[in-house]
Amino acid sequence: MPVPVPAPVPEGTWGQPTRRGVPGRGASRDAVGWVKAHGGAGVTSLVEVFGGVDLGARWPEPGRGEPRRVVLVGRTSASGLRSVSQALRSLAEGHAPRGLDLLCVVLIADAPGMLPLGLLRRIRVVRSVARVHRVPWIPAWREGGEPRRLPVQLERLGELVGAPAGRERGRS
(Lines give C-alpha, C1' and ligand atoms only; values in the text may rest on other atoms or scores of the structure.)
Protein backbone atom coordinates (compact mmCIF):
# COMPACT_ATOMS: atom_id res chain seq x y z
CA MET A 1 0.00 0.00 0.00
CA PRO A 2 1.52 3.38 -1.01
CA VAL A 3 2.39 5.88 1.67
CA PRO A 4 0.32 9.07 1.33
CA VAL A 5 2.39 12.13 0.46
CA PRO A 6 1.19 15.40 1.97
CA ALA A 7 0.27 18.11 -0.52
CA PRO A 8 2.79 20.94 -0.74
CA VAL A 9 1.93 24.08 1.18
CA PRO A 10 1.20 26.75 -1.45
CA GLU A 11 2.81 30.18 -1.31
CA GLY A 12 0.42 32.83 -0.06
CA THR A 13 -1.11 35.21 -2.52
CA TRP A 14 -0.80 38.90 -1.93
CA GLY A 15 -4.29 39.08 -0.51
CA GLN A 16 -3.70 36.19 1.87
CA PRO A 17 -0.02 35.64 2.71
CA THR A 18 1.09 32.36 4.21
CA ARG A 19 2.88 33.03 7.48
CA ARG A 20 5.39 30.60 8.80
CA GLY A 21 6.69 32.24 11.91
CA VAL A 22 7.81 35.84 11.83
CA PRO A 23 11.30 35.88 10.30
CA GLY A 24 11.77 39.62 10.72
CA ARG A 25 10.66 39.93 14.34
CA GLY A 26 13.16 41.65 16.55
CA ALA A 27 15.09 43.13 13.63
CA SER A 28 15.77 46.82 13.65
CA ARG A 29 13.05 48.89 12.07
CA ASP A 30 15.83 50.70 10.20
CA ALA A 31 17.07 47.49 8.58
CA VAL A 32 16.03 46.73 5.03
CA GLY A 33 13.33 44.12 4.59
CA TRP A 34 13.56 42.11 1.37
CA VAL A 35 10.18 40.91 0.09
CA LYS A 36 10.00 38.28 -2.63
CA ALA A 37 7.24 38.67 -5.18
CA HIS A 38 7.44 34.94 -5.95
CA GLY A 39 9.51 31.87 -5.20
CA GLY A 40 13.02 31.96 -6.66
CA ALA A 41 13.03 35.74 -6.91
CA GLY A 42 16.60 36.07 -5.62
CA VAL A 43 16.02 37.50 -2.15
CA THR A 44 18.44 35.07 -0.50
CA SER A 45 21.27 36.16 -2.80
CA LEU A 46 20.58 39.84 -2.11
CA VAL A 47 20.45 39.30 1.66
CA GLU A 48 23.82 37.51 1.44
CA VAL A 49 25.29 40.52 -0.40
CA PHE A 50 23.67 43.38 1.56
CA GLY A 51 22.33 41.96 4.80
CA GLY A 52 18.86 42.85 6.01
CA VAL A 53 15.82 40.71 6.70
CA ASP A 54 14.35 38.11 4.35
CA LEU A 55 10.62 38.57 4.91
CA GLY A 56 9.45 35.96 2.44
CA ALA A 57 6.33 36.73 0.37
CA ARG A 58 4.64 39.13 2.77
CA TRP A 59 4.81 42.75 3.79
CA PRO A 60 6.51 43.44 7.14
CA GLU A 61 4.71 44.72 10.19
CA PRO A 62 6.71 47.68 11.58
CA GLY A 63 4.43 47.78 14.63
CA ARG A 64 5.86 44.38 15.59
CA GLY A 65 9.47 45.52 15.23
CA GLU A 66 9.94 44.49 11.60
CA PRO A 67 11.69 46.74 9.08
CA ARG A 68 9.62 49.55 7.59
CA ARG A 69 12.01 50.06 4.66
CA VAL A 70 11.36 47.38 2.05
CA VAL A 71 12.64 46.25 -1.32
CA LEU A 72 10.39 44.13 -3.51
CA VAL A 73 12.28 41.51 -5.56
CA GLY A 74 11.23 39.58 -8.65
CA ARG A 75 12.60 37.99 -11.81
CA THR A 76 12.29 39.44 -15.30
CA SER A 77 10.23 36.52 -16.60
CA ALA A 78 6.59 37.09 -17.55
CA SER A 79 5.36 35.30 -14.44
CA GLY A 80 7.88 37.13 -12.25
CA LEU A 81 6.77 40.52 -13.55
CA ARG A 82 3.13 39.54 -13.08
CA SER A 83 3.87 38.68 -9.43
CA VAL A 84 5.68 41.99 -8.93
CA SER A 85 2.65 43.82 -10.35
CA GLN A 86 0.32 41.93 -7.99
CA ALA A 87 2.47 42.84 -5.00
CA LEU A 88 2.58 46.51 -6.02
CA ARG A 89 -1.18 46.49 -6.48
CA SER A 90 -1.67 45.09 -2.98
CA LEU A 91 0.51 47.87 -1.59
CA ALA A 92 -1.38 50.55 -3.55
CA GLU A 93 -4.75 49.16 -2.43
CA GLY A 94 -3.76 49.36 1.23
CA HIS A 95 -3.29 45.64 1.86
CA ALA A 96 -0.04 46.33 3.67
CA PRO A 97 0.64 47.84 7.10
CA ARG A 98 0.88 51.62 7.24
CA GLY A 99 4.27 53.27 7.37
CA LEU A 100 6.10 51.08 4.86
CA ASP A 101 8.73 52.77 2.72
CA LEU A 102 9.15 50.95 -0.60
CA LEU A 103 12.71 51.84 -1.55
CA CYS A 104 12.52 50.17 -4.94
CA VAL A 105 11.69 47.09 -6.96
CA VAL A 106 14.66 44.91 -7.87
CA LEU A 107 14.28 42.89 -11.04
CA ILE A 108 16.86 40.14 -11.39
CA ALA A 109 17.50 38.74 -14.87
CA ASP A 110 15.89 35.35 -15.32
CA ALA A 111 18.29 34.39 -18.13
CA PRO A 112 21.35 35.79 -19.89
CA GLY A 113 20.88 38.12 -22.84
CA MET A 114 18.47 40.80 -23.91
CA LEU A 115 14.84 40.81 -22.82
CA PRO A 116 12.07 40.50 -25.41
CA LEU A 117 10.19 43.70 -26.18
CA GLY A 118 7.03 42.46 -24.42
CA LEU A 119 8.91 42.05 -21.12
CA LEU A 120 10.59 45.44 -21.51
CA ARG A 121 7.13 46.98 -21.89
CA ARG A 122 6.00 45.30 -18.66
CA ILE A 123 9.07 46.71 -16.88
CA ARG A 124 8.12 50.19 -18.14
CA VAL A 125 4.71 49.76 -16.51
CA VAL A 126 6.36 48.77 -13.20
CA ARG A 127 8.66 51.81 -13.52
CA SER A 128 5.61 54.03 -13.81
CA VAL A 129 4.66 53.21 -10.20
CA ALA A 130 7.98 52.40 -8.47
CA ARG A 131 11.70 52.94 -8.73
CA VAL A 132 13.25 49.93 -10.50
CA HIS A 133 16.76 48.52 -10.24
CA ARG A 134 17.66 45.81 -12.70
CA VAL A 135 20.31 43.24 -11.87
CA PRO A 136 21.93 41.39 -14.78
CA TRP A 137 22.29 37.64 -15.08
CA ILE A 138 25.00 36.45 -12.66
CA PRO A 139 26.15 32.94 -13.70
CA ALA A 140 27.90 32.31 -10.36
CA TRP A 141 24.58 32.64 -8.51
CA ARG A 142 23.05 29.93 -10.65
CA GLU A 143 25.80 27.54 -9.61
CA GLY A 144 25.58 28.51 -5.94
CA GLY A 145 28.82 30.50 -5.97
CA GLU A 146 29.78 34.13 -5.74
CA PRO A 147 30.82 36.35 -8.64
CA ARG A 148 34.45 37.46 -8.90
CA ARG A 149 33.24 41.03 -9.28
CA LEU A 150 29.86 42.41 -8.37
CA PRO A 151 28.06 44.21 -11.20
CA VAL A 152 27.85 47.98 -10.92
CA GLN A 153 24.05 47.63 -10.64
CA LEU A 154 24.54 45.94 -7.26
CA GLU A 155 26.84 48.71 -6.07
CA ARG A 156 24.16 51.28 -6.94
CA LEU A 157 21.53 49.22 -5.17
CA GLY A 158 23.79 49.10 -2.10
CA GLU A 159 23.93 52.88 -2.06
CA LEU A 160 20.13 53.07 -2.15
CA VAL A 161 19.55 50.58 0.66
CA GLY A 162 22.39 52.01 2.74
CA ALA A 163 24.38 48.78 2.79
CA PRO A 164 27.56 48.45 0.76
CA ALA A 165 27.78 45.25 -1.22
CA GLY A 166 29.98 42.59 0.37
CA ARG A 167 32.89 43.09 -2.02
CA GLU A 168 35.29 40.88 -0.11
CA ARG A 169 32.77 38.06 -0.31
CA GLY A 170 32.17 38.72 -3.98
CA ARG A 171 35.76 38.03 -5.00
CA SER A 172 36.81 34.45 -5.34
Side-chain angles (χ1 to χ4, degrees), residues 8 11 20-60 66-88 91 100-172:
E11 289 276 336
R20 294 184 187 106
V22 184
R25 179 172 272 179
S28 166
R29 290 182 192 171
D30 294 325
V32 173
W34 301 89
V35 177
K36 67 179 181 177
H38 55 84
V43 165
T44 301
S45 297
L46 294 173
V47 169
E48 287 175 1
V49 172
F50 298 111
V53 179
D54 180 344
L55 294 162
R58 66 176 184 85
W59 297 118
E66 295 178 340
R68 63 176 183 73
R69 299 177 337 131
V70 295
V71 175
L72 179 63
V73 182
R75 293 285 179 170
T76 57
S77 65
S79 63
L81 292 170
R82 195 169 27 256
S83 294
V84 166
S85 294
Q86 289 171 348
L88 289 171
L91 185 62
L100 293 184
D101 180 11
L102 178 65
L103 299 177
C104 66
V105 172
V106 174
L107 297 175
I108 299 177
D110 66 311
M114 300 287 290
L115 286 175
L117 185 57
L119 296 179
L120 290 172
R121 286 184 180 135
R122 288 181 186 208
I123 291 172
R124 256 188 247 128
V125 171
V126 172
R127 273 199 175 113
S128 72
V129 297
R131 183 177 192 169
V132 172
H133 277 271
R134 289 187 50 199
V135 175
W137 179 255
I138 302 175
W141 282 359
R142 185 177 203 192
E143 298 171 4
E146 296 177 10
R148 290 178 189 228
R149 288 182 9 174
L150 292 174
V152 67
Q153 294 91 333
L154 285 180
E155 292 179 18
R156 289 185 188 136
L157 179 58
E159 292 169 9
L160 177 68
V161 301
R167 293 180 188 211
E168 297 76 28
R169 298 181 58 228
R171 293 188 181 155
S172 50

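Index from 1, following the sequence.
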Are any non-hydrogen side-chain atoms of [X] and [Y] less than 4.5 angstrom apart?
| X | Y | answer |
| --- | --- | --- |
| Trp141 | Val49 | yes |
| Asp54 | Thr44 | yes |
| Leu46 | Val106 | yes |
| Ile138 | Ser45 | no |
| Trp34 | Val70 | no |
| Leu55 | Val43 | no |

Using 0.5 Å steps for rounding, measure from the [atom1] atom of [X] to the [atom2] atom of [Y].
| X | Y | atom1 | atom2 | result |
| --- | --- | --- | --- | --- |
| Leu150 | Phe50 | CG | CZ | 7.5 Å |
| Arg68 | Leu103 | CZ | CG | 8.5 Å |
| Ser83 | Lys36 | OG | NZ | 11.0 Å |

Under 3.5 Å donor-acceptor pairs involving side-chain atoms of residues 128-136, not counting sequence neighbours:
residue	atom	partner	partner atom	Å
Ser128	OG	Val125	O	2.5

Nearest heavy atoms of [X] and [Y], plus distance in Å:
| X | Y | answer |
| --- | --- | --- |
| Leu120 | Leu115 | CD1-O, 3.7 Å |
| Gly74 | Val84 | CA-CG2, 3.8 Å |
| Gly33 | Pro67 | N-CB, 3.7 Å |

Exercise for review: Would you confirm whether Arg69, through its side chain, and Leu100, through its main-chain N or O, come within 3.5 Å as a donor-acceptor pair?
Suggested key: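 Side chain of Arg69 to backbone of Leu100, a donor-acceptor pair under 3.5 Å: no, none is there.
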Practice item. Taking side-chain hydrogen bond (donor to acceptor under 3.5 Å, both in side chains) as the test, write out the residues that go with Ser85, two or more places apart. Key: none
Exercise for review: Verify side-chain contact (heavy atoms from CB on, under 4.5 Å) between Leu102 and Leu91, making sure each step is shown before the conclusion.
Suggested key: CA-CA 9 Å; Leu102 178 65; Leu91 185 62; 3.9 Å; yes
Revision key, fill the gap. Residue pairs passing the side-chain hydrogen bond (donor to acceptor under 3.5 Å, both in side chains) test with at least one member in residues 108-126, sequence neighbours excluded, are Thr76-Asp110
Point to revise | Glu66 and Arg58 ion-paired at < 4.0 Å | key: yes
Check your understanding: Passes side-chain contact (heavy atoms from CB on, under 4.5 Å), Val32 versus Val53? Steps please.
Key -> CA-CA 6 Å; Val32 173; Val53 179; over 6 Å; no
Exercise for review: Check Ile108, Leu107, Val47 against Val73 for a side-chain contact (heavy atoms from CB on, under 4.5 Å) and give me the one that passes.
Suggested key: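 Filter result, single survivor: Ile108.
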